[in-house]
Amino acid sequence: MSRKVLVLGEVREGSLRNVSFEAISTAKTIAEGGEVVAVLVGQSVNALASEMIQFGADRAVVVEDEKLASYTSDGFSQALLAVVDQEKPDGLVLGHTALGKDLSPKLAARLQSGLISDVTAIEVAGGNIVFTRPIYSGKAFEKKVMVDPFIFATIRPNNIAPLEKDAARSGDVASLTVEIKDLRSIVKDVVRKASEGVDLSEAKIIVAGGRGVKSEDGFNPLKELATVLGAAVGASRGACDANYCDYSLQIGQTGKVVTPDLYIACGISGAIQHLAGMSNSKVIVAINKDPEANIFKVADYGIVGDLFEVLPLLTEEFKAV
Ligand code: FAD
């Protein structure tokens, strides 16, 4: 059964986030040969439509308004609902990002539809679109099929591969004017924290530190390895609570959920709440001086040792490659 599926292109600081391209490939599977329509919402986002098409969307609809310059659930839901009203799609895919987590329940309520959130895999089986998603903080996975004819899903970043970019691909880009009204909140100013290096939620490699780093300076050997590997630095809540680093680095049940290709856990015990945020990483390396540490149960490779001795050796080895 072929479907028309909308995909929201998520824009951050003028660029599309990778999860937008992963959402296009998800939408392609749901569309089963039908049409994938990219939706861009914001101010001055029109130029990004062609990139959505190069990653597999068939065409794009752009809603631009100065009131949409910063994300608000009120503004973005009005814009998306107007596109849904015009396009009458059979499905909608968003990233399971901070934006997607905030916006999708509101849209589902307004559309009177179901929602399958935090999808990590999708397949067509027995004539159904089958979604896989983690439950119980990642301890198990469930497979779900949407009973509702309207298929609405959010996908976890870094899990579903995007299609290859085809620079020669083209498609129609149309503008839709939407009167954005009655915003209950307005973003006056955005103050960004000075962030170093690679974005944690989209990083392919993460070097994360726990209470075992012992101090703010204890993160330095992790940062040095991260620089050599082109990796992001993350942390356990233990390290954040101890004031060794900022809470924006926290990974876990109450922090960020990450799925990098490689996760290097340094001085992290492996509490269940931490595992909830990283245990789906493709390869996990744990460095801990306690051979009984729980982190070794999920690790593919374990190094029993002092992180302050092991990390400089790893950094030197990778520098030489
Ligand atoms: P510890 O458990 O203290 O472990 C430190 C480890 O470092 C030990 O295993 C030790 O052997 C090792 N070590 C020490 N020195 C060295 C050295 N020199 N070299 C190598 N290894 C060394 N935690 C999260 O991480 N993320 C969350 O989102 C989160 N959410 C939570 C939500 C709730 C509701 C609750 C109750 C807890 C939550 N926690 C979360 C906290 C969690 O339970 C743990 O307390 C926390 O993860 C422990 O952090 P840690 O592993 O860094 O510290």
Side-chain angles (χ1 to χ4, degrees), residues 96-98 100-102 117-118 120 133-140 156-159 193 195 198-203 205-226 228-229 231-260 262-318:
H96 194 72
T97 56
K101 282 187 241 182
D102 187 55
S117 65
D118 202 13
T120 54
R133 62 186 298 277
I135 51 172
Y136 305 125
S137 298
K139 285 201 279 299
R156 183 181 284 200
N158 259 341
N159 279 264
K193 277 197 176 144
S195 66
V198 184
D199 176 5
L200 199 53
S201 52
E202 295 202 335
I205 307 177
I206 293 175
V207 183
R211 217 167 349 226
V213 304
K214 295 192 177 67
S215 69
E216 194 178 344
D217 286 346
F219 264 95
N220 289 341
L222 283 76
K223 288 179 187 165
E224 280 157 28
L225 178 61
V228 171
L229 294 175
V233 174
S236 71
R237 180 156 145 189
C240 300
D241 284 346
N243 255 335
Y244 302 161
C245 62
D246 192 85
Y247 278 100
S248 61
L249 301 191
Q250 186 186 318
I251 291 165
Q253 189 183 321
T254 45
K256 292 198 169 79
V257 175
V258 296
T259 325
L262 174 61
Y263 189 89
I264 306 177
C266 313
I268 295 178
S269 59
I272 191 70
Q273 296 91 350
H274 186 76
L275 302 187
M278 48 62 74
S279 60
N280 288 332
S281 304
K282 292 179 188 83
V283 175
I284 298 170
V285 176
I287 305 168
N288 197 304
K289 62 183 189 184
D290 175 7
E292 302 297 322
N294 199 45
I295 191 78
F296 288 124
K297 292 192 182 139
V298 297
D300 299 284
Y301 300 94
I303 303 173
V304 178
D306 187 329
L307 68 94
F308 296 105
E309 290 169 17
V310 175
L311 282 175
L313 295 174
L314 283 178
T315 305
E316 282 314 306
E317 283 297 316
F318 282 117

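As the structure lists them, so they are numbered: ligands from 1, and atoms in each ligand from 1. Hydrogens, waters and symmetry mates play no part in the numbers below; they use all other heavy atoms, side chains included. We number each residue from 1, following the sequence as shown. What you see is a predicted model, and the numbers here were worked out from it, not measured in a lab.
The side-chain heavy atoms of Glu317 and Leu314, taken from C-beta on, include no pair separated by under 4.5 Å. Using a 4.5 Å heavy-atom cutoff, the side chains of Leu311 and Leu222 are in contact.
The only member of Ile251, Val233, Leu229 that meets side-chain contact (heavy atoms from CB on, under 4.5 Å) when paired with Ile206 is Ile251.
Between the side chains of Tyr247 and Asp241, a donor-acceptor pair is found at a separation under 3.5 Å. No side-chain N or O of Thr259 forms a donor-acceptor pair with one of Asn280 less than 3.5 Å apart.
Protein residues having at least one heavy atom under 4.0 Å from any atom of ligand 1 are Gly210, Arg211, Gly212, Lys214, Ser236, Arg237, Gly238, Gln250, Ile251, Gly252, Gln253, Thr254, Gly255, Gly267, Ile268, Ser269, Ala271, Gln273, His274, Asn288, Lys289, Asp290, Gly305, Asp306, Leu307, Phe308, listed by chain and number.
For residues 291-300, the pairs satisfying side chain to side chain donor-acceptor pair (under 3.5 Å) are Asn294-Lys297, with sequence neighbours left out.
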